[in-house]
Amino acid sequence: MTDTILVDRPRPGVAVVTMNRPESLNSLNNELFVALADRLGELDRDREVKVIVLTGAGRGFCAGHDLTEVQATRSLSIGERLIGIDDEVRCLLLVHSLTTPTIAAVNGPARGGGMSIAVACDMRVASTAATFGVAFVNIGISSGDAGLSWTLPRLVGSGVAAELMLTGRVVDAEEALRLGLVNRVAPAGELLATALDLAEQIAAHDMLAIWMTKRALNASGGISLEDAVRLENTAQIIAMDSETAQAKIAEFFARRDSGSPPAPAK
């Protein structure tokens, strides 16, 4: 049996997680939701992993929910269907709340729940072949899909989110970049290398600094400015005593006292 989720570690501190159902453009079924949550949870607890890159096998990132499985649930009661979506909820919440920074490397179509997974990541790098869209409104179902009604407005603003979700239209990589939906666009053959270069820039930093920065970002959506400042100050005070911070501060003063130019930022 082919593994639904593949994990590779191509560079120090970086793990690549690949959704591996290429025959269906990595469409989301219960097995994938469970396996993805399990693998991401394991990597988030692994102190050797500083950044996670999430991508899809084959020519697509993720085509959204597997409609074959969705149709099969029609024989269940509404109550049974509601219970059955717990694995999906757990997976999407985990993607958003991981301690480890995440980069979605979007190599092709990211539709519906697939777009939701990409948006739930911290950053997105898109191939020129990537497209984004949430089309359930086109078939008479709410486009509020897998948390997108919460995550998308926070990423691109309420007006753009409303347009994309209410029209059901698809946007290409260049428009996604203009809208702020993705951070970078790369040629198809350079997508993974571009995502890994970005991941490597992050992984070069101290683990505590990365973790506390991500923690502040995760908390920012549900707290006041005052609470955010207090959280930031607490994190900086704690990190100030780390070996890395103490060494960097000592290096700064040594250079200053010797008259040497400051070291370039890394």
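Pairs engaging residues 40-50 under the side-chain hydrogen bond (donor to acceptor under 3.5 Å, both in side chains) rule: Arg9-Asp46, Arg39-Glu42, Asp44-Thr100 [sequence neighbours left out]. Residue pairs that meet the ring pair (Phe, Tyr, Trp, His ring centres under 6.0 Å) test with at least one member in residues 89-128, sequence neighbours left out, are His96-Trp150.
For Glu163, the salt bridge (charged side-chain N to carboxylate O under 4.0 Å, His left out) test picks out Arg169, with sequence neighbours left out. Among residues two or more places apart in sequence or in another chain, the side-chain contact (heavy atoms from CB on, under 4.5 Å) test is passed with Pro22 by Asn20, Asn26, Ala57. Partners of Arg59 according to the salt bridge (charged side-chain N to carboxylate O under 4.0 Å, His left out) rule, which considers only residues two or more places apart in sequence or in another chain, do not exist here. Applying the salt bridge (charged side-chain N to carboxylate O under 4.0 Å, His left out) test to Asp197 and every residue at least two apart in sequence or in another chain returns Arg11. A search for side-chain contact (heavy atoms from CB on, under 4.5 Å) contacts involving Val34 returns Asn30, Asp38, Asp87, Arg90, not counting sequence neighbours. Asp206 meets the side-chain hydrogen bond (donor to acceptor under 3.5 Å, both in side chains) test with Thr244; sequence neighbours excluded. Residues passing the side-chain hydrogen bond (donor to acceptor under 3.5 Å, both in side chains) test with Thr102 are Asp122, sequence neighbours excluded. When the side-chain hydrogen bond (donor to acceptor under 3.5 Å, both in side chains) test is applied to Asp172, no partner is found at least two apart in sequence or on another chain.
In this structure, Ile202 shares a hydrophobic cluster with Val14, Val16, Val51, Val53, Ile103, Met123, Val125, Leu191, Leu192, Leu196, Leu198, Ile210, the cluster being traced through Ile, Leu, Val, Met, Phe, Trp and Tyr side chains under 4.5 angstrom apart.
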Give the table of side-chain donor-acceptor pairs shorter than 3.5 Å for residues 217-226, with sequence neighbours excluded, one pair per line with atom names and distance.
{"unit_1": "Asn218", "atom_1": "ND2", "unit_2": "Ser97", "atom_2": "O", "d": "3.4"}
{"unit_1": "Asn218", "atom_1": "ND2", "unit_2": "Leu98", "atom_2": "O", "d": "3.3"}
{"unit_1": "Ser220", "atom_1": "OG", "unit_2": "Leu217", "atom_2": "O", "d": "2.8"}
{"unit_1": "Ser224", "atom_1": "OG", "unit_2": "Asp227", "atom_2": "N", "d": "3.1"}
{"unit_1": "Ser224", "atom_1": "OG", "unit_2": "Asp227", "atom_2": "OD2", "d": "3.3"}
{"unit_1": "Glu226", "atom_1": "OE2", "unit_2": "Arg230", "atom_2": "NE", "d": "3.2"}
{"unit_1": "Glu226", "atom_1": "OE2", "unit_2": "Arg230", "atom_2": "NH2", "d": "3.1"}

